[in-house]
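So you know, we letter chains A, B, ... as the sequences are listed, proteins then strands, and number each from 1. Since the model is a prediction, treat every value here as computed from it, not as a measurement.
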Protein chains: 2
Amino acid sequence: MPQVKDPSAHHHGNLRAALLAEAERVIDNDGLDALSLRGISKALGVTHAAPANHFGDLPGLLSELAADGIRRLAARQAAAVKEAGPDLRERAHAIARTYFKFAVEHPGLVTLMSRSNRLYRDRPSIKEADAEARRMVDEIASENQKKKKLDPVRAAAERTALRAMIHGYSMLYIDGRLGPTFASLPEGMTPEAFFDVVLDVIDFP
Amino acid sequence: MPQVKDPSAHHHGNLRAALLAEAERVIDNDGLDALSLRGISKALGVTHAAPANHFGDLPGLLSELAADGIRRLAARQAAAVKEAGPDLRERAHAIARTYFKFAVEHPGLVTLMSRSNRLYRDRPSIKEADAEARRMVDEIASENQKKKKLDPVRAAAERTALRAMIHGYSMLYIDGRLGPTFASLPEGMTPEAFFDVVLDVIDFP
DNA sequence: TACGTCACTTGACGGTGGAAAGTTACCACC
DNA sequence: GGTGGTAACTTTCCACCGTCAAGTGACGTA
C-alpha cells in the first residue's frame, strides 16, 4: 500500500507527552474505564501500536501517568503545608484538604493512583513519588509523637488513621456514595467544609 | 427458594446460582480483573452467552454478586453488634472489625462492592442491602448524638468518619499499601489488632 | 557511504462483552 | 392430544481491546 510521505509521520515530535496528556484528558472526562491505547492513539493521529515505543504496555503508560499525578499532588500539598504554618493540626488538615481538592478536580487520576492492579507500583518513578507524598504525613506524626511522648504504635496508628481517612473520604465522595449524607446537611455546606468537620473527629494531632 | 430442575442439555438446573458461585470463586482467588463471562461459562460447561439469560450483562451479574456480599457482611455485622452489648464504642468497633475481617477473607468481593463503575448501584437489591448495612452505623451515631446532645453536622461527620476509616483502612490493606507501616510495627501485631488502635484515634463514640 | 537505532506502521492473534437468530424443552390451554 | 408460547441455551457474528512480530523510513554516526 502507498506510504504516506509525511515528514512528521515517523517523528511526531513529542508523542510521549502528547499521549500522557490525552490519556489524562480521557481519564478525567470519561473515567478510567473509557481509556484505551487505541483510543488515544487515534485521537493523536497515530497508529495503535505507537505507544508501545514509549511505554511498553498499558500499565506502563498508566504508571507514568500516576507518577506524574502523585508528584503534582505532593507539590501542592507541600505548598499548602508551608502556608499552614507551624501548627501540627493545621498542617495535617492542609494535607488532607489539598488531597481532597485534587481528587475532586482529577477524580480519574486519583482513582488510578490508588489502583495497584493497573500499574507497576514498583517502578522507581512511582515509589519515589509515593515516598515523597508520605514523608509529609510522617513528619507531622513524628513531631507529634515527640511532643506528646507517644507510644510508637499509637504514632503509627495516627499516621495510618489520617491516610485512611483521606483515602476513604475521597473515594466515597468520588464514587458518589456520600450522596445521602450530603442530602441531610445544612444548605450550602460544601464537601470541603464537611471534610473539615470529619477531620475534626480524628484525635490527631 | 429456587426450584431444582433436571440438569439436561438445555436446562442446567441452577445455572444462575452456579454462575454466581463460580464468579465469586474466581474473584476471591484471582481478583476482579481475572473474571470474565466467557471464563466462568466455560468452567461450568456452558456457552458464553448463557449468563445473559439470568443477568442481562456483566454489570448485572456483578450487581447480584455484590448485593449478596453486602447482605452477608451486614448479617455478620449485625451478629457482632449484638454480641458487643450496649456500649456504643464497643458496637462501633465491632462493626469496623467485622468489615475488615470480611475484607481480608473476601478481598475481591469487597473491592467489587466498592466499585460503582462495575455495577448498577441503583438496583433495588443493592440499594436495600446498602441501606441495611448503613443502618447499623447510623443507629450508633444517632444514639451518641442524643446522649451527648451533638450538633447534627457533628453527628453526620462522626458517621462519615467511621465509614471513611473502615473503607480507607480496608482498601489500603487489600491493596498492599500498608506494607511499610506493618514493617515498623512490633513483632506479632496483626492487622486486626492494629486496626483497633487506629480506630481509637477516632474520637467517636 | 554504510550501518544501526529510533519512531512509527502494518497486520495478525487471541481475548473480551454483547446482539441477533436459531434450537430445544417444558408447560398451560383449548 | 395437539398447539402455541415462553424460558433456557447455542450459534454466529460484530466491534473493540492489548500485545506481538515484522517491515519501513529517517537520522546520527563512524
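- In this structure, S63(A) contributes its side chain and Y120(A) its backbone to a donor-acceptor pair below 3.5 Å.
- Looking only at distances, no side-chain donor or acceptor of D175(B) sits under 3.5 Å from a matching main-chain atom of R177(B).
- Contacts of residues 107-120 of chain A with DNA chain C (heavy atom under 4.0 Å): none.
- Separating the CG atom of L19(B) from the P atom of dG17(C) is a distance of 12 Å, rounded to the nearest angstrom.
- Look at E64(B) and R123(B) and you find a salt bridge, because one of the NZ, NE, NH1 or NH2 atoms lies within 4.0 Å of a carboxylate O, short of that distance.
- The side chain of S36(A) lies closest to dC17(D) when the candidates are dC17(D), dT9(C), dA19(C).
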- Test log, rule side-chain contact (heavy atoms from CB on, under 4.5 Å), inputs L19(A) and E22(A): CA-CA 5 Å; L19(A) 283 168; E22(A) 175 65 14; 5.9 Å; no
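- Taking atom CG of L37(B) as the reference point, atom C1' of dA19(C) lies 14 Å away to the nearest angstrom.
- The minimum heavy-atom distance between L37(A) and S41(A), with the atom names listed, is O-OG, 2.7 Å.
- Between D33(A) atom CG and dC17(D) atom C1' there is a gap of 13 Å when expressed in whole angstrom units.
- A straight line from NZ of K42(B) to P of dT11(D) spans 14 Å, rounded to a whole angstrom.
- Proximity of residues 50-67 of chain A to DNA chain D (heavy atom under 4.0 angstrom from any strand atom) is restricted to D57(A), L58(A), P59(A).
- Of the candidates dT19(D), dA19(C), dT10(C), the closest approach to any side-chain atom of R38(A) belongs to dT19(D).
- Between R16(A) atom CZ and dC6(C) atom P the separation is 15 Å, expressed in whole Å.
- The nearest whole Å value for the distance from the NE2 atom in H48(B) to the C1' atom in dA20(C) is 11 Å.
- Residue L15(B) contributes atom CG, which lies 4 Å from atom P of dC9(D) at whole-angstrom precision.
- Taking the six-membered ring where the residue is Trp, F195(A) and Y169(A) present parallel rings, their angle staying beneath 30° rather than reaching 60°.
- For S170(A) (side chain) and H167(A) (main-chain N/O), no donor-acceptor pair under 3.5 Å exists by modelled atom type.
- Remark: E83(A) does not engage R91(A) in a salt bridge, criterion side-chain N to carboxylate O under 4.0 Å.
- Listed for the Q145(B) side chain is no donor-acceptor partner under 3.5 Å among the backbone atoms of A155(B).
- Along DNA chain D, the nucleotide nearest A49(A) and the nucleotide nearest A34(A) are compared for position; the residue whose nucleotide lies closer to the 5' end is A34(A).
- Phosphate contact (OP1/OP2 of dT10(C), side-chain N/O of T47(A), threshold under 4.0 Å): absent.
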